[in-house]
Amino acid sequence: QVQLVESGGGLVQAGGSLRLSCAASGRSFSSYTVGWFRQAPGKEREFVAAFVRGAGNTNYSDSVKGRFTISRDNDKNTMYLQMDSLKPDDSAIYYCAASPAFLGTSTITRAILYNAWGQGTQVTVSS
């Protein structure tokens, strides 16, 4: 089982940027589908971005496409989420997640299919 630890959250003004990190231990990221989710107060956990395992491509939610960039450093077993042009609606707890399954574009957004989660990191965007 892989263990995940997020870092990099904080308070930023609208239009600003943050970079989140997700460090994995226990097993290599290459054995998992990995991605980012977020959850705002009173709302369900929602998909943000992910790597499609084995395919090398990425998948983004429409709400962050063009503003957020997911990347990874396999040598460091670390995944990143670069968040630019942040909006108040981006405020949430951000989680990295891993699934042992090969998830396609229709299933990669489903949080229930991920079985490893970090503790989350708070992102707050002020207007």
Would you check, one step at a time, whether the test side chain to side chain contact (heavy atoms under 4.5 Å, CB included) holds for Met79 with Ser21? CA-CA 6 Å; Met79 178 173 63; Ser21 299; over 6 Å; no
Rounded to the nearest 0.5 Å, how far does CH2 of Trp117 lie from CZ of Phe37? 4.5 Å
One pair to check against side chain to side chain contact (heavy atoms under 4.5 Å, CB included): Gln3 and Arg27. What are the steps and the verdict? CA-CA 8 Å; Gln3 290 82 46; Arg27 294 195 66 180; over 6 Å; no
Indicate yes or no for a side-chain donor-acceptor contact from Ser63 to the backbone of Ser61 under 3.5 Å, with no hydrogens or angles considered. no
Apply the test side chain to side chain contact (heavy atoms under 4.5 Å, CB included) to residues Gln119 and Val5: give CA-CA distance (whole Å), side-chain angles for both, the deciding distance (0.1 Å), then the verdict. CA-CA 7 Å; Gln119 82 286 355; Val5 178; 4.0 Å; yes
Under the criterion side chain to side chain contact (heavy atoms under 4.5 Å, CB included), I'd like the reasoning laid out for Leu86 against Leu18: C-alpha separation, chi angles, the key distance, then a yes or no. CA-CA 8 Å; Leu86 282 162; Leu18 282 174; 4.3 Å; yes
Output yes when a side-chain donor or acceptor of Glu6 lies under 3.5 Å from a complementary backbone atom of Cys22, and no otherwise. no
On a heavy-atom basis, the closest approach of Ala14 and Ser127 is CB-CA, 4.4 Å
Between Glu46 (side chain) and Glu44 (backbone), is there a donor-acceptor pair under 3.5 Å? no
Spell out, as yes or no, whether a donor-acceptor pair under 3.5 Å connects the side chain of Gln1 to the backbone of Asn115. yes
Test of understanding: clusters of I, L, V, M, F, W, Y form through side-chain heavy atoms closer than 4.5 Å, transitively. Do Val125 and Val48 belong to the same one? yes
Should we say atom CD of Gln13 is surrounded by more than 12 heavy atoms from elsewhere, each under 6.0 Å from it? no
Any donor-acceptor N/O pair, Asn74 side chain to Asn77 backbone, under 3.5 Å: no
Of the non-hydrogen atoms in Lys76 and Thr78, which two are nearest, and what is the gap between them? O-OG1, 2.9 Å
Which of these, Ile93, Asp90, Leu11, Leu20, sits in a side-chain contact (heavy atoms from CB on, under 4.5 Å) with Val123? Leu20
Short side-chain to backbone donor-acceptor contact, Ser99 and Tyr114, under 3.5 Å: no
Any link between Val64 and Ile70 through a network of hydrophobic side chains (Ile, Leu, Val, Met, Phe, Trp, Tyr) touching at under 4.5 Å? yes
In Å, rounded to the nearest 0.5 Å, how long is the span from OH of Tyr95 to CZ of Arg45? 4.5 Å
Give the minimum heavy-atom separation between Ile108 and Ala50, together with the two atoms involved. CD1-CB, 3.6 Å
No-hydrogen, no-angle side-chain donor-acceptor test under 3.5 Å, Thr105 and Asn59: no
I'd like to know if Asp62 and Lys65 make a salt bridge, using a cut-off of under 4.0 Å between side-chain N and carboxylate O. yes
Hydrophobic clustering (ILVMFWY, side-chain heavy atoms < 4.5 Å, transitive) - are Tyr60 and Leu103 grouped together? no
Going only through I, L, V, M, F, W and Y residues with side-chain contacts under 4.5 Å, is there a path from Phe47 to Leu4? no
Between Arg19 (side chain only) and Gln82 (backbone N and O only), is there a donor and an acceptor less than 3.5 Å apart? no
Between Tyr94 and Phe68, what is the ring plane arrangement, given parallel below 30°, perpendicular above 60°, and tilted in between? tilted
Is any side-chain heavy atom of Lys43 less than 4.5 Å from a side-chain heavy atom of Arg38? no
Does Thr33 reach the main-chain N or O of Val52 with its side chain, forming a donor-acceptor pair under 3.5 Å? no
So which heavy atom on Ser17 is nearest to which on Ser85, and how close? OG-N, 4.4 Å
